[in-house]
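Residues take their numbers from the sequence shown, with the count starting at 1.
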Amino acid sequence: QVQLVESGGGLVQAGGSLRLSCVASGRTFSNYAMGWFRQAPGKEREFVASIIYSGRSTYYADSVKGRFTISRDNAKNTVYLQMNSLKPEDTAVYYCNAQTFYPIRPDVGSWGQGTQVTVSS
């Protein structure tokens, strides 16, 4: 099983930017599709973005399309989520996910511990 550690969360004003990172260990990183999910208080976890093993294909939730960018560096075993034009409704705990399926599935694979993103209005 792959281990995942997220970082980069924090408090930012609306319209600001953050970059999340997720470092993987324990398995061959390039064998895994990677995704970001988020869970806001009182809500279910939802899909944010995903990227295929090679990095050549990405997919986004409609709510973040055009504002967030997912990327990966297989040499560094790291996946990133660049978040621009942040809105208060982006406030959530963001989780990194690794799995061998693509398109990724919401309830399988390995998960990180999460990183809190708070956007103030």
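- Pairs engaging residues 69-81 under the side chain to side chain donor-acceptor pair (under 3.5 Å) rule: Arg72-Asn74 [sequence neighbours left out].
- The CD atom of Glu44 lies 8.0 Å from the CD atom of Gln39; values are rounded to the nearest 0.5 Å.
- For Lys43, the side chain to side chain contact (heavy atoms under 4.5 Å, CB included) partners at least two apart in sequence or on another chain are Ala40.
- Note on Val79 and Val64: same hydrophobic cluster, where clusters join Ile, Leu, Val, Met, Phe, Trp and Tyr whose side-chain heavy atoms are under 4.5 Å apart, directly or indirectly.
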- [ ] Using the salt bridge (charged side-chain N to carboxylate O under 4.0 Å, His left out) rule, take Asp62 and Lys65 through it: C-alpha gap first, then chi angles, then the decisive distance, then the call.
- [x] CA-CA 5 Å; Asp62 287 344; Lys65 202 172 294 183; 3.1 Å; yes
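- No chain of hydrophobic side-chain contacts below 4.5 Å, direct or via other Ile, Leu, Val, Met, Phe, Trp or Tyr residues, connects Phe47 to Leu4.
- In this structure Ser85 satisfies the side chain to side chain contact (heavy atoms under 4.5 Å, CB included) test together with Arg67, sequence neighbours excluded.
- For an aromatic pair to be called close, the ring centres must be under 6.0 Å apart, and Tyr95 with Phe37 fails this.
- Between Pro106 and Gln99, the closest side-chain pair of non-hydrogen atoms is not below 4.5 Å.
- For Tyr53, the side chain to side chain contact (heavy atoms under 4.5 Å, CB included) partners are Ala33, Tyr102, not counting sequence neighbours.
- Classification of the Tyr94-Phe68 ring pair by plane angle, with boundaries at 30° and 60°, yields tilted.
- Under the 4.5 Å side-chain heavy-atom criterion for ILVMFWY residues, a single connected hydrophobic cluster contains both Val12 and Leu20.
- Annotation: side chain to side chain donor-acceptor pair (under 3.5 Å) contacts involving residues 14-36, sequence neighbours excluded, comprise Ser17-Asn84.
- Both Met34 and Tyr60 are assigned to one and the same hydrophobic cluster, defined by single-linkage of ILVMFWY side chains at heavy-atom distances under 4.5 Å.
- Side-chain contacts under 4.5 Å among hydrophobic residues (ILVMFWY), followed directly or transitively, place Val108 together with Phe101.
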